[in-house]
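See below for the structure under consideration.
The residues of the chain are indexed from 1 along the displayed sequence.
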Amino acid sequence: MPKLALGARNSHVVALLRMAPLQEVVLALGLLQPEPLLLAPAEAPSRARSRTWIQKGGLERGKSLKPAPELLRPKRTKAQPSTCPRSVAARAKADPKFGELFRFDTPVLMWDQHFSTGTWERLKARHVPYGWQGLSPAAVGSALRLLNTSSNRRLFDRAAFRGGCVRCAVVGNGGILNGSRQGHDIDAHDLVFRLNGAVIKGFEADVGTKTSFYGFTVNTMKNSLIAYEEYGFTQVPQAKDLRYIFIPSDVRDYVMLKSAIEGSPVPEGLDKGDEPQKYFGPEASAKKFKLLHPDFLHYLTTRFLRSEIMNTQYSYLYMPSTGALMLLTALHTCDQVSAYGFITDNYEEFSDHYYEPEKKPLLFYANHDMMLEAELWKRLHQAGIMTLYQR
């Protein structure tokens, strides 16, 4: 098994594992591992158990979806208005349940002007990825101050698209795409999001070739390069017009972001001495990078993906999957969204990833709630808010 790269925030859990009961050790080990690797895979939930998870989470069947009280009045942000008549926003607002959940004025990205005394005092009370608890003001501030271009403030410039509706495809890595022949349809979108081990060579007919955004945490990016090298994922996507979306799950994401913009080796931490240019190209400037706002991650998790894991002693290790965060980012910025390679009701018929030559079962990671995510995609599709590719 390839060596796992653990985030610094997990080091203090080691002592717990030495004393914990067996079931807690298995759960904790699962929670410690970011996708795509796992020391002790969590038992794949049965369909009956999965439904129980969903009913206890934020998507209880047959009842109104109620947001958390602390998020009823999110901080507003100015956005470019959409003129698309059948946009995600329009459809969501027309839906009695999702209309209560979506808040399109919640800030999606963070940039230099967000690093203020007030923001620091507020976010230092929340653990990463939902805040800055335990992080150094110098590490966070030095990275944010470099996100000072207009392109850092929005995911894309709506004025660059003349068609009226900005159409986005979010491509997960699920085995459902193997043999799907969806490549042409994916590339026909205005913008294409990819994530983690996004293998393209040899699978162009199924997944397309276009990449507008690549989303990741430093941990998932590096683990993907290790785990999926044998399948052809030997380099992070690079292109002149491609943009990178950092998910700030650890201090190392802020440190890597700063070094990437400055074009210098990582000065400290788990990635000390690493050269960001090998991931993002030799000419990566500030305009190529986007950083998801911790408030946005908190909003998404609390409103859309409130898992029962959040009610356990390991709640601070839970976060939605990278794919979920990219898809929800697209749903809050694009006019029309199509999801490919995401978990569906018949996931057992397909391999874990589309590029695996032999079928492998889908692994359920204890720090994610994949069945809760699956239910969300299904309901968004049924509501007409997005299109979920199914077979």
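- In this structure, Phe104 and Ser87 have side chains that are not in contact, with every pair of non-hydrogen atoms separated by 4.5 Å or more.
- In this structure, the side chains of Met386 and Trp377 come closer than 4.5 Å at one or more pairs of heavy atoms.
- Counting heavy-atom neighbours within 6.0 Å of Lys201 NZ, excluding the residue itself, gives a total of 12 or less.
- The shortest side-chain heavy-atom distance between Leu325 and Leu297 falls under the 4.5 Å cut-off.
- Side-chain atoms of Tyr340 never come within 3.5 Å of backbone atoms of Asn173 as a donor-acceptor pair (strictly under, hydrogens ignored).
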Stepwise, does the side chain to side chain contact (heavy atoms under 4.5 Å, CB included) test hold for Arg103 with Tyr299? CA-CA 9 Å; Arg103 290 295 180 265; Tyr299 152 80; 3.8 Å; yes

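- Taking the six-membered ring for Trp and the full ring otherwise, Phe233 and Phe203 have centroids separated by 6.0 Å or more.
- At distances below 3.5 Å, at least one donor-acceptor pair connects side-chain atoms of Lys288 with backbone N or O atoms of Lys240.
- Interatomic distance, CG of Leu362 versus CZ of Phe350, reported as 12.0 Å (0.5 Å rounding).
- Remark: the backbone N or O of Glu229 is not paired with any side-chain donor or acceptor of Thr234 at under 3.5 angstrom.
- Rounding to the nearest 0.5 angstrom, the gap separating the CZ atom in Arg181 from the CG atom in Asp206 is 6.5 Å.
- The minimum heavy-atom distance linking Tyr130 with Met319 is given by the pair OH-CA, 3.3 Å.
- No donor-acceptor distance shorter than 3.5 angstrom exists from the side chain of Tyr279 to the backbone of Met221, with no hydrogens or angles considered.
- Under a cut-off of 6.0 angstrom, the local environment of NZ in Lys272 is sparse, with at most 12 non-hydrogen atoms contributed by other residues, nucleotides or ligands.
- Rounding to the nearest 0.5 Å gives a distance of 5.0 Å between CG of Asn219 and CG of Asn223.
- Classification of Asp271 and Arg252 as a salt-bridged pair holds, one side-chain N sitting under 4.0 Å from a carboxylate O.
- Side-chain N or O atoms of Ser142 include one that pairs as donor or acceptor with a backbone N or O of Ala139 at under 3.5 Å.
- Between Arg379 and Lys97 there is a side-chain heavy-atom pair separated by less than 4.5 Å.
- Across all non-hydrogen atoms, the minimal contact from Trp132 to Pro294 is NE1-CG, 3.9 Å.
- Interatomic distance, Asp95 CG to Gln382 CD, rounded to the nearest 0.5 Å: 10.5 Å.
- With a 4.5 Å cut-off on side-chain heavy atoms, Leu257 and Leu147 count as touching.
- Remark: Ser116 engages Thr119 in a side-chain hydrogen bond (donor to acceptor under 3.5 Å, both in side chains) (not counting sequence neighbours).
- Pairs of residues two or more places apart, or lying in two chains, never qualify as salt bridge (Lys or Arg N to Asp or Glu O under 4.0 Å) while including a residue from residues 186-200.
- Aromatic ring centres of Phe304 and Phe102: separated by under 6.0 Å.
- Paired with Asp335 under the rule salt bridge (charged side-chain N to carboxylate O under 4.0 Å, His left out), one option of Arg86, Arg91, Arg158 passes, and it is Arg158.
- Salt-bridge formation is detected for the pair Lys124/Glu121: a Lys NZ or Arg NE/NH1/NH2 atom is positioned less than 4.0 Å from an Asp or Glu carboxylate oxygen.
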Working note: Phe115 + Leu123, criterion side chain to side chain contact (heavy atoms under 4.5 Å, CB included); need CA distance, chi angles, decisive distance, verdict. CA-CA 10 Å; Phe115 192 66; Leu123 291 183; over 6 Å; no

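- Taking all atoms of both residues into account, the shortest heavy-atom contact from Val207 to Ile200 is CG2-CA, 4.3 Å.
- Listed here is the closest heavy atom pair of Tyr389 and Ser180: OH-CB, 3.3 Å.
- The shortest heavy-atom contact between Leu317 and Asn367 is O-CB, 3.8 Å.
- Without hydrogens or angle criteria, Tyr354 side chain to Val199 main chain gives a donor-acceptor distance under 3.5 Å.
- Without hydrogens or angle criteria, Glu373 side chain to Ser321 main chain gives a donor-acceptor distance under 3.5 Å.
- Without hydrogens or angle criteria, Asp112 side chain to Leu144 main chain gives no donor-acceptor distance under 3.5 Å.
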Take Arg243 and Phe156 through the side chain to side chain contact (heavy atoms under 4.5 Å, CB included) test and state the conclusion after the steps. CA-CA 9 Å; Arg243 299 292 181 260; Phe156 55 86; over 6 Å; no

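- With sequence neighbours excluded, the residues satisfying side-chain hydrogen bond (donor to acceptor under 3.5 Å, both in side chains) with Glu262 are Lys258.
- Here the side chains of Leu177 and Val171 are in contact, with some heavy-atom distance below 4.5 Å.
- Proximity of Val166 to Cys84: side-chain heavy atoms (C-beta onward) are nowhere separated by under 4.5 Å.
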Test Val337 against Val170 for side chain to side chain contact (heavy atoms under 4.5 Å, CB included), laying out the working first. CA-CA 7 Å; Val337 176; Val170 185; 4.2 Å; yes

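- For Phe213 and Tyr244, the ring centers are positioned 6.0 Å apart or more.
- Put simply, the side chain of Thr333 does not reach to within 4.5 Å of the side chain of Arg154, judged on heavy atoms.
- With 3.5 Å as the limit, one finds a donor-acceptor pair spanning the side chains of Thr149 and Asn152.
- Between the Asn148 side chain and the Arg145 main chain, a donor and an acceptor come within less than 3.5 Å of each other.
- Using a 3.5 Å distance cut-off with no hydrogens or angles, the side chains of Gln390 and Thr344 do not pair a donor with an acceptor.
- Summarising the geometry, atom CG belonging to Leu388 is positioned 10.5 Å from atom CD1 belonging to Ile343; distances are rounded to the nearest 0.5 Å.
- Taking CZ of Phe216 as the reference point, atom OG of Ser249 lies at 10.5 Å (rounded to 0.5 Å).
- A pairwise comparison of heavy atoms in Pro248 and Tyr254 identifies CB-OH, 3.4 Å as the closest pair.
- Judged by distance alone, with hydrogens and angles left aside, the side-chain atoms of Lys210 form a donor-acceptor pair with the main-chain N or O of His189 at under 3.5 Å.
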